[in-house]
Amino acid sequence: MGKELTEPAFFVLTALIDEPRHGYGIMQEVERLSGGRVRLRVGTLYGVLDRLAAEDLVALDREEVWQGRLRRYYRITESGARALDADATRLAENARQAKVRLRERFGGSIGLSAEGGTA
Amino acid sequence: MSELEDSYRRVLRLLPASYRAERGEEMVAAFGESAGPDGAGDDAEEPRRPSWPEIASVAALGVRLRLGGVGAAPRSFAWGETVRLVAVLGLFFHAAVTFLYLGGALRLTAVPDGVPVEYARPYATPEPWWTAVATLSGAAWVVAAAALAAARVRLAKVLAVVALTAELGQVVSTLTDPWWWDSLRARAPLALLTIVPVIALLAGFHRDAPPVRWSRRPGVWALLGGGALLAAALGALASRINVHPWAWPWVDMPGVACTPLLLGGVAYLAVHGGAARSARTAEATPAAAAWPLALAILTAPVLCARLSVLRFDAPDAATHTMTLIGSAQCAALLLVGIALLILGARALPRPPASPMAARREDRETPAAGGRQRE
């Protein structure tokens with residue numbers, strides 16, 4: 001049973017799948033993954049990271065000093081990957097249900113049918 | 001960039017020192033990079049200070065860290081529960097006051113007894129706008145309390161802000177008096193009775209706050225309805241004794257707040273006071289701290305509101321009586337408040353060695369499951 005993740009938490013975990021990232025790296029990746037829709041502020045990001053770390057879904061990977069600035073890299077843990085997988089499955093199932101219903105109601109060309117119906 | 005980062009460092013003072021020590025540099029770095037020339041930040045229009053959304057995100061984090069919710073360290077959770085209790089008690093108090101004055105007004109309308117109807121209200125002001133504002137804020141309190149009981153926290157917040165706006169409007173309206181300074185000095189502390197619970201509601205019921213579950217218990221709505229009826233009945237009763245000077249300090253707003261607070265405080269001290277003498281370690285739980293601390297916090301606005309209307313230079317016997325009773329109320333509130341504060345402080349869980357340790361130690365507690373998507 002997976003627990004429901006908030007949207008920022010979902011994107012933060014997704015951003016950490018391919019490689020460990022530092023704070024700003026996560027902010028950039030989340031913005032890119034969400035097509036610019038989710039722009040995390042620093043305070044929000046660290047609130048999300050704190051909760052994910054407390055639940056053992058992310059862990060500290062390493063620390064670096066880059067141009068005099070501290071960078072802490074976070075990685076997704078195994079339980080984090082499992083939680084994300086479960087949440088992604090849940091969302092995919094939701095989307096599938098919606099698709100099936102839409103197809104049943106409007107047939108193959110959903111967009112055209114829907115527009116035609118309301119025109 | 002360093003000026004902007006310095007400014008951001010000042011913003012980070014909104015966070016607890018222990019958290020800042022651990023996360024501060026990292027947050028400054030993330031902020032600096034996001035606002036830097038190669039960053040994606042579009043905050044160029046405010047180069048000297050962080051944007052308001054950035055500041056708000058840090059402030060919200062500070063509130064969530066200090067007033068912990070699900071998954072927080074025990075001490076911060078205890079403070080969170082305390083503030084949420086202040087909000088709950090404050091909202092139900094204001095809702096009860098609405099029924100209290102409603103009961104008084106209904107009785108005086110039905111059986112005037114030669115007492116002006118205005119005496120049924122907290123402040124006898126004849127302007128019709130006052131009646132409109134009082135009705136609006138009274139209704140807002142009742143629905144806000146019901147919304148909170150039904151776990152509709154957002155609605156409760158909106159309505160509580162409406163009631164707060166009405167209250168602040170009344171404070172501002174005193175500025176139109178020719179003797180505005182005296183009016184303001186007497187009226188502004190009364191607004192604390194509204195400001196404190198509303199701020200507690202806005203701050204305490206953040207997104208990590210545990211969901212309101214007690215509303216689902218059977219009998220809660222019957223209890224709340226009974227409370228409303230009881231308040232109305234007491235209001236009707238109070239309107240009858242309201243002609244005596246000794247009764248006035250008990251039926252105005254601070255007096256109405258004083259009675260249940262003193263009764264509740266003394267009852268809590270009687271039940272838990274003895275047990276807490278040896279209790280720093282054994283009973284240091286969030287629940288053991290929240291009640292005494294919440295009651296202690298609530299004594300402060302009531303004390304200020306009562307003190308503001310005491311007149312020690314009054315020549316007439318009626319005001320003298322009121323001042324005497326008011327002073328006794330203040331002394332009792334102060335004593336009970338201090339005792340509750342000591343009791344609550346002793347029951348507070350110890351601060352963690354480091355925030356990370358706290359979060360780790362807290363992992364056994366039921367984590368933030370089922371958090372709602374925002």
Taking all non-hydrogen atoms of both residues into account, name the closest pair between [X] and [Y] and its distance.
X: M27(A); Y: S34(B); result: CE-CB, 3.7 Å
X: G43(A); Y: M27(B); result: CA-CE, 4.1 Å
X: E54(B); Y: V42(A); result: OE1-N, 3.2 Å

Inset, instruction - Tell me, with the steps shown, if Y46(A) and Y19(B) meet side-chain contact (heavy atoms from CB on, under 4.5 Å). - result: CA-CA 11 Å; Y46(A) 280 92; Y19(B) 188 86; 3.7 Å; yes

Inset, instruction - Check the surroundings of atom CZ in R152(B): do more than 12 heavy atoms from other residues, nucleotides or ligands lie under 6.0 Å from it? - result: no

Legend entry - Within 6.0 Å of CZ in R62(A), more than 12 heavy atoms from elsewhere: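 Count over threshold, so yes.
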
Legend entry - Contact winner vs chain A - A29(B), S57(B), A30(B), A56(B), heavy-atom pairs under 4.5 Å: S57(B)

Legend entry - Pairwise side-chain contact, S51(B) with R41(A), heavy-atom cut-off 4.5 Å (strictly under): yes

Legend entry - Side chain to side chain, E63(A) and E26(B), heavy atoms closer than 4.5 Å: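 A side-chain contact under 4.5 Å is absent here.
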
Legend entry - Derivation and outcome, salt bridge (charged side-chain N to carboxylate O under 4.0 Å, His left out), residues E33(B) and R71(A): CA-CA 10 Å; E33(B) 287 184 68; R71(A) 277 181 167 182; 2.5 Å; yes

Legend entry - Contact class of R72(A) relative to chain B, heavy atoms under 4.5 angstrom: both

Inset, instruction - Applying side chain to side chain contact (heavy atoms under 4.5 Å, CB included), name anything that partners E78(A), two or more places apart in sequence or on another chain. - result: R82(A)

Legend entry - Residues that P301(B) engages under side chain to side chain contact (heavy atoms under 4.5 Å, CB included), provided they are two or more places apart: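 If we apply the side chain to side chain contact (heavy atoms under 4.5 Å, CB included) test to P301(B), skipping adjacent residues, the hits are L192(B), L193(B), V196(B).
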
Legend entry - Basic-acidic side-chain contact under 4.0 Å: R23(B), D50(A):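 Yes, charged N to carboxylate O under 4.0 Å.
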
